[in-house]
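This one's a predicted model, so the numbers in the text were calculated from it and none came from an experiment. Chain identifiers are assigned alphabetically (A, B, ...) following the order of the sequence lines, protein sequences preceding nucleic acid strands; residue numbering begins at 1 within each chain.
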2 protein chains.
Amino acid sequence: MGETTIDDIAKEAGVSKATVSRVINNSSSVAPDTREKIQAIIDKRHYSPSAVARGLSKRTSSTIGVVVPEVDNPFFGEILRGVTEIIDRNNLSLICCNSDDDSKKDYKALEMLKENRVRGLLYTPATDYSDKKQKKRLEKLLNEIDTPVVLLDRKIGLDFDGVYFDDRQGIYDATQALIKGGHTKIGIINGTLDRVLARIRQDGYLEALRDAGIEPEERYMFFGDFRMGTSYKLSSQLLSMEDRPTAVLTCNNRTSMGFFKALFERGESMPKDIVCIGLDRIEALELFQTDFVYIKRDAFKMGRKAMELLISRMAFPDKPISSIILDAPLSREDAESLKRFKK
Amino acid sequence: MGETTIDDIAKEAGVSKATVSRVINNSSSVAPDTREKIQAIIDKRHYSPSAVARGLSKRTSSTIGVVVPEVDNPFFGEILRGVTEIIDRNNLSLICCNSDDDSKKDYKALEMLKENRVRGLLYTPATDYSDKKQKKRLEKLLNEIDTPVVLLDRKIGLDFDGVYFDDRQGIYDATQALIKGGHTKIGIINGTLDRVLARIRQDGYLEALRDAGIEPEERYMFFGDFRMGTSYKLSSQLLSMEDRPTAVLTCNNRTSMGFFKALFERGESMPKDIVCIGLDRIEALELFQTDFVYIKRDAFKMGRKAMELLISRMAFPDKPISSIILDAPLSREDAESLKRFKK
DNA sequence: CTGAAAGCGCTTACAG
DNA sequence: CTGAAAGCGCTTACAG
């Protein structure tokens with residue numbers, strides 16, 4: 001029988017579809033009794049207007065696009081939960097893309113979102129697009145989408161709104177806490193420095209060392225790719241060094257996992273044999289490793305903030321570009337906990 | 001300047017928009033040189049046709065709807081990764097909804113998907129809709145959406161395609177493995193039995209006990225809600241029983257977490273003090289609890305299979321309804337591992 | 001308060 | 001091989 005359309009309703013009610021449209025949208029005034037009659041028919045037939053027809057007609061859509069690099073990483077899962085909460089509250093809908101940290105898929109997702117004429121875009125770039133040509137191309141594409149965009153978690157030096165964590169400060173504080181605990185040989189398992197995420201973290205680490213008058217040692221710095229397997233290998237190397245660090249920073253949740261795997265495999269434990277501060281919570285780890293201190297990033301909040309920023313941008317297209325920086329504090333800052341860092 | 005439309009391209013090329021449409025869609029033949037000319041203009045202007053206008057015109061869309069109860073649960077994260085993989089491969093797009101296991105949000109999501117005239121629907125019901133009236137209402141809504149639907153992970157007794165895990169068999173096997181290890185007092189931390197997910201698991205448990213001639217003991221059965229906090233409480237109760245079980249089944253990943261939290265808090269360990277088989281992997285747990293045996297469900301595969309089933313349903317609307325049952329084997333079945341279950 | 005008409009950006013028979 | 005025209009299901013000035 002096909003979907004019921006506004007025409008069907010209009011006919012059954014004996015009015016024009018303009019009038020039906022008015023009651024649907026509660027726009028200009030409609031005589032109370034015709035409104036009721038129309039509403040009754042709508043209810044009876046469970047009619048709901050086509051969002052796509054409406055979108056075309058109004059030249060605007062109510063769908064938001066989001067692209068994340070790893071849907072199955074709890075960090076992004078939390079972000080998505082935050083995003084969907086605000087989406088729901090505003091009667092929007094969400095087209096969700098997974099880029100798998102692959103720039104090809106990233107482009108493809110963006111193209112798709114462009115075709116879908118999304119009303120706004122939440123975007124976590126798959127890579128840094130540090131190559132100038134690539135960046136130009138990305139910028140062009142983003143502009144073609146011609147809709148507000150809010151960057152998520154990863155800066156790429158383009159002029160868009162964004163929500164980020166203060167990872168630099170987080171790592172700085174962590175490093176400092178370790179130093180205060182008496183450590184001077186502090187290792188770091190990071191990503192390669194051509195990724196801005198890694199550079200920022202490295203900066204926090206180096207700065208804290210220098211501020212404490214400690215000369216950074218290159219052999220204590222390990223650069224991988226934020227994946228567990230790589231971190232596992234690097235951590236094994238680190239742990240078997242002759243003159244190894246007494247404390248280690250692991251720069252994301254996957255990296256921490258790799259580190260602990262390597263550590264436990266050696267029959268060592270924390271903080272007895274070595275101390276570690278990680279970036280991001282690892283829930284299951286807390287079951288037994290109750291004194292794991294980590295840099296706490298509230299991804300749920302990031303999702304909410306980003307979506308709110310997007311909505312505000314949609315409302316005020318001309319307001320100045322803004323970046324929201326969320327803090328990334330240590331999960332514990334009480335003296336009690338920090339004492340455990342003592343060498 | 002507004003988005004470029006098919007009209008702009010047509011004018012610049014000096015042809016009708018019908019012809020432009022033909023080159024975009026590669027439909028009927030177009031003279032090679034006009035095709036090239038048009039394509040050049042399209043490329044130059046980075047034109048891509050509006051999916052919404054096309055959808056309206058073709059009376060069909062290329063977007064799929066998905067509703068999951070917890071975006072931030074790794075289990076559903078994996079499912080989404082599987083889904084997006086097939087989505088990408090078929091040039092579809094995904095509208096993603098999070099129901100938070102709340103039937104109000106569930107309805108709302110479905111309504112929204114209906115308005116968006118999705119081409120197909122992957123649906124994990126928030127609740128069982130076991131109330132007859134509720135179920136009728138849900139069925140009606142699902143039918144109004146008037147599009148193929150594939151149920152994910154949760155059966156609700158409606159006549160749709162679906163992909164499920166064989167949890168009953170999984171729990172059966174787990175129970176049997178414990179029995180073979182000499183256990184007769186086997187506890188279970190399950191969800192309330194008005195949820196079909198819990199009933200199925202309970203069935204597997206009871207059946208295995210009976211098949212072994214063991215009389216099920218009510219006091220060893222605990223019914224919560226599949227959340228960690230609840231499981232923690234129930235597990236604490238179980239662990240402090242006078243005549244407590246020597247082995248326990250935990251019926252999802254959150255439940256296992258709650259169990260281990262309670263266990264470790266008591267300073268007990270596994271398998272020394274008690275044995276546990278869980279449902280679903282807990283990656284971080286493997287860092288130290290390397291002998292945790294669990295019922296393995298490949299959520300990534302479930303996502304892929306479900307999306308493939310949906311596509312095949314879209315292609316063959318009249319084929320008979322089918323359910324795909326994915327197996328849920330023990331993570332280890334070697335004698336070596338199972339030996340650890342020995343009482 | 002209400003309707004006729006134009007328009008949103010496409011596709012697709014139908015002619016030629 | 002190509003174009004004019006109708007239509008997809010809505011919304012929105014414009015009249016009345």
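A cation-pi arrangement, defined by a distance under 6.0 Å to the six-membered ring centre and an angle within 45 degrees of its axis, is absent between B:R195 and B:F226. In this structure, A:R137 forms a cation-pi arrangement with A:Y107, its terminal cationic atom sitting closer than 6.0 Å to the ring centre and no more than 45° off the ring axis.
If you take NZ of B:K17 and P of D:dC1, they are 23 Å apart, rounded to a whole angstrom. When rounded to the nearest whole Å, the span between CD1 of A:I9 and P of D:dG9 equals 13 Å. Distance CG (A:N25) to P (D:dC10): 11 Å, rounded to an integer number of Å. Between the P atom of D:dC10 and the CG atom of B:N116 lies a distance of 13 Å, rounded to the nearest Å. Distance CG (B:D146) to C1' (D:dG9): 16 Å, rounded to an integer number of Å. One can place NZ of A:K11 at 12 Å from P of C:dA4, the figure rounded to the nearest angstrom. One atom, CZ of B:R22, and another, P of D:dA4, lie 11 Å apart when rounded to the nearest Å. Atom CG of A:D8 and atom C1' of D:dG9 are 10 Å apart (whole Å).
Set against D:dG7, C:dT2, C:dG7, the side chain of B:S57 has D:dG7 as its closest nucleotide. Side-chain atoms of B:R59 lie closest to D:dC8 of the nucleotides C:dT12, D:dC8, D:dC10. Residue A:S16 places its side chain closer to C:dA4 than to any other of C:dA4, D:dC8, C:dC10.
Without hydrogens or angle criteria, B:R154 side chain to B:P125 main chain gives a donor-acceptor distance under 3.5 Å.
Within a 6.0 Å radius of NZ in B:K319, other residues, nucleotides and ligands contribute more than 12 heavy atoms. Heavy atoms of other residues, nucleotides or ligands lying less than 6.0 angstrom from NZ of A:K305 number 12 at most. A 6.0 Å sphere centred on NZ of A:K301 holds no more than 12 heavy atoms belonging to other residues, nucleotides or ligands.
Among the atoms of the strands shown, only primed sugar atoms or phosphate atoms (P, OP1, OP2) are found under 4.0 Å from some heavy atom of B:A31. Counting any heavy atom pair closer than 4.0 Å across all strands shown, B:V15 reaches sugar-phosphate atoms only and no base atom. Here B:T34 lies in heavy-atom contact (under 4.0 Å) with sugar-phosphate atoms only. Contact annotation for B:S21: base contact, defined as any heavy-atom pair under 4.0 Å involving a base atom. At the heavy-atom level, B:S29 lies under 4.0 Å from base atoms of the strands shown. B:R117 comes within contact range of the sugar-phosphate backbone alone, with a heavy-atom separation under 4.0 Å but no base atom that close.
Partner assigned to D:dG16 is C:dC1, using Watson-Crick or G-U wobble distances below 3.5 angstrom.
In terms of phosphate contacts, A:R54 brings a side-chain nitrogen or oxygen within less than 4.0 Å of OP1 or OP2 of D:dT11. When the side-chain nitrogen and oxygen atoms of A:T19 are compared with OP1 and OP2 of C:dG3, one or more of them lie within a distance under 4.0 Å. Between B:S50 and C:dG9 there is no side-chain polar atom (N or O) within less than 4.0 angstrom of OP1 or OP2. For the OP1/OP2 pair of D:dC10 and a distance below 4.0 Å, the side-chain nitrogens and oxygens of A:Y47 include at least one atom meeting the criterion.
Mapping B:D33 and A:L56 onto DNA chain D by nearest heavy atom places B:D33 closer to the 5' end of the strand.
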